[in-house]
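What follows is a short report on a single structure.
Predicted model, so just to flag it, every value in this text is computed and none were measured. Positions are given from 1, in the same order as the sequence printed here. Just so you know, ligand 1 is whichever comes first in the structure, and atom 1 is the first atom listed for that ligand.
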Amino acid sequence: MHVDIITAVPELLRSPLEHSIIKRASDKGLLQINVIQLRDYGLGIHQQIDDYQFGGGAGMVMMCEPLDNCITDLKTRTTYDQVIFMTPDGQKFNQKMSNRLSCFGNLLIICGHYKGIDHRIREMHVTMEVSIGDFVLSGGELAAAVLVDAIGRLIPGVLNDETSALTDSFQDDLLAPPVYTRPAEYKGYKVPEILLSGHERKINEWRYEESVRITMERRPDLMDS
Ligand code: ADE
């Protein structure tokens, strides 16, 4: 998968995308992430990318021209399956969307800053608008990092144990069961007996029952769906 990310603050993306599983995916050649500095397409000697909003009101708006020039330039090299704008008024991100996006070959992600981006860019170029939750971040970068992390780990070959993504929370509308490692007893707290039994079928049953119990307790809304 190839992901291009347009941002005015590349530093915000570097660290989250250069470690752990996402780094491994890049090293294996399964995920290629290219961060594009929007300011390189900025206007004039100050490389301006934002301006006051028409109609008044606090906060700057990211201008059409730098974004349009940047996106148009990228499109001469890549045909994108989706052009995604990270925004709190977008469709709420979830595991199903993550699964769907992980099947694509080429994604372009636009990170907004300030008050947002000129609406015409959304009309001209954006095919999907995604929110990572009902709260407002200071920019789309951290949201984009969340999206790429969630998608990247689903690309076949990225995780060592291929099945481990399948047992993640939300993968079948259930939260994951509790997990334990050695020692079997710590400060009087014991690992459930069944997990030490070696009885695979019973262990799987226990995990499933725990998943259902925890989901009913914490997220009954997931069970409704
Ligand atoms: N940009 C600012 N807040 C955001 C959010 N909640 N989700 C996606 N992008 C954002």
Side-chain angles (χ1 to χ4, degrees), residues 1-22 31 33-42 48-55 57-68 70-71 74 80-104 106-155 168-170 175 218-219 221-222 225:
M1 177 185 278
H2 176 94
V3 184
D4 286 334
I5 308 177
I6 300 173
T7 170
V9 200
E11 298 76 16
L12 281 174
L13 283 164
R14 293 251 148 76
S15 175
L17 299 179
E18 284 177 4
H19 294 94
S20 186
I21 285 168
I22 297 305
L31 177 62
I33 300 169
N34 183 25
V35 177
I36 298 109
Q37 168 58 276
L38 179 62
R39 214 163 270 284
D40 292 345
Y41 295 85
Q48 187 184 357
I49 54 168
D50 60 320
D51 208 340
Y52 296 101
Q53 55 177 312
F54 279 127
M60 305 291 272
V61 174
M62 288 167 76
M63 302 161 82
C64 278
E65 199 176 337
L67 274 167
D68 183 33
C70 178
I71 297 165
L74 292 170
Y80 296 104
D81 297 300
Q82 295 287 350
V83 177
I84 302 169
F85 175 47
M86 304 309 302
T87 175
D89 62 5
Q91 200 185 334
K92 186 96 68 81
F93 187 57
N94 61 19
Q95 192 62 37
K96 277 197 183 68
M97 197 191 290
S98 188
N99 290 343
R100 214 164 348 109
L101 289 173
S102 74
C103 299
F104 288 128
N106 291 296
L107 299 177
L108 174 59
I109 302 177
I110 304 166
C111 303
H113 244 267
Y114 317 108
K115 200 75 196 163
I117 65 174
D118 190 301
H119 196 71
R120 288 165 289 187
I121 291 297
R122 296 166 79 155
E123 293 171 333
M124 287 165 70
H125 292 290
V126 171
T127 60
M128 240 182 127
E129 302 186 323
V130 179
S131 163
I132 63 158
D134 292 340
F135 43 82
V136 181
L137 301 165
S138 18
E141 287 77 11
L142 297 180
V146 167
L147 189 96
V148 172
D149 187 287
I151 295 170
R153 59 196 299 287
L154 296 175
I155 298 169
D168 285 343
S169 278
F170 302 110
L175 300 179
R218 298 181 187 182
R219 294 292 307 276
D221 56 300
L222 292 176
S225 67

Legend entry - Which residues share a side-chain hydrogen bond (donor to acceptor under 3.5 Å, both in side chains) with R122, sequence neighbours left out: D89, E129
List of N/O pairs, ligand 1 versus protein, all under 3.5 Å?
from     : atom 1 : to   : atom 2 : distance (Å)
ligand 1 : 3 (N)  : L137 : N      : 3.0
ligand 1 : 6 (N)  : G133 : O      : 3.2
ligand 1 : 6 (N)  : F135 : O      : 2.8
ligand 1 : 7 (N)  : I132 : N      : 3.0
ligand 1 : 9 (N)  : T87  : N      : 3.2

Legend entry - N-O pairing of K115 and D50 below 4.0 Å: no
Inset, instruction - Please check if atom OH in Y52 has more than 12 non-hydrogen atoms from other residues, nucleotides or ligands closer than 6.0 Å. - result: no
Legend entry - Set of residues satisfying salt bridge (Lys or Arg N to Asp or Glu O under 4.0 Å) with respect to R100, sequence neighbours excluded: none
Legend entry - Distance-only donor-acceptor check, side chains N34 and D4, under 3.5 Å: yes
Listed pairs under 3.5 Å, donor-acceptor, residues 134-150 side chains, sequence neighbours left out:
from : atom 1 : to   : atom 2 : distance (Å)
E141 : OE1    : H113 : NE2    : 3.1
E141 : OE2    : T7   : OG1    : 2.6

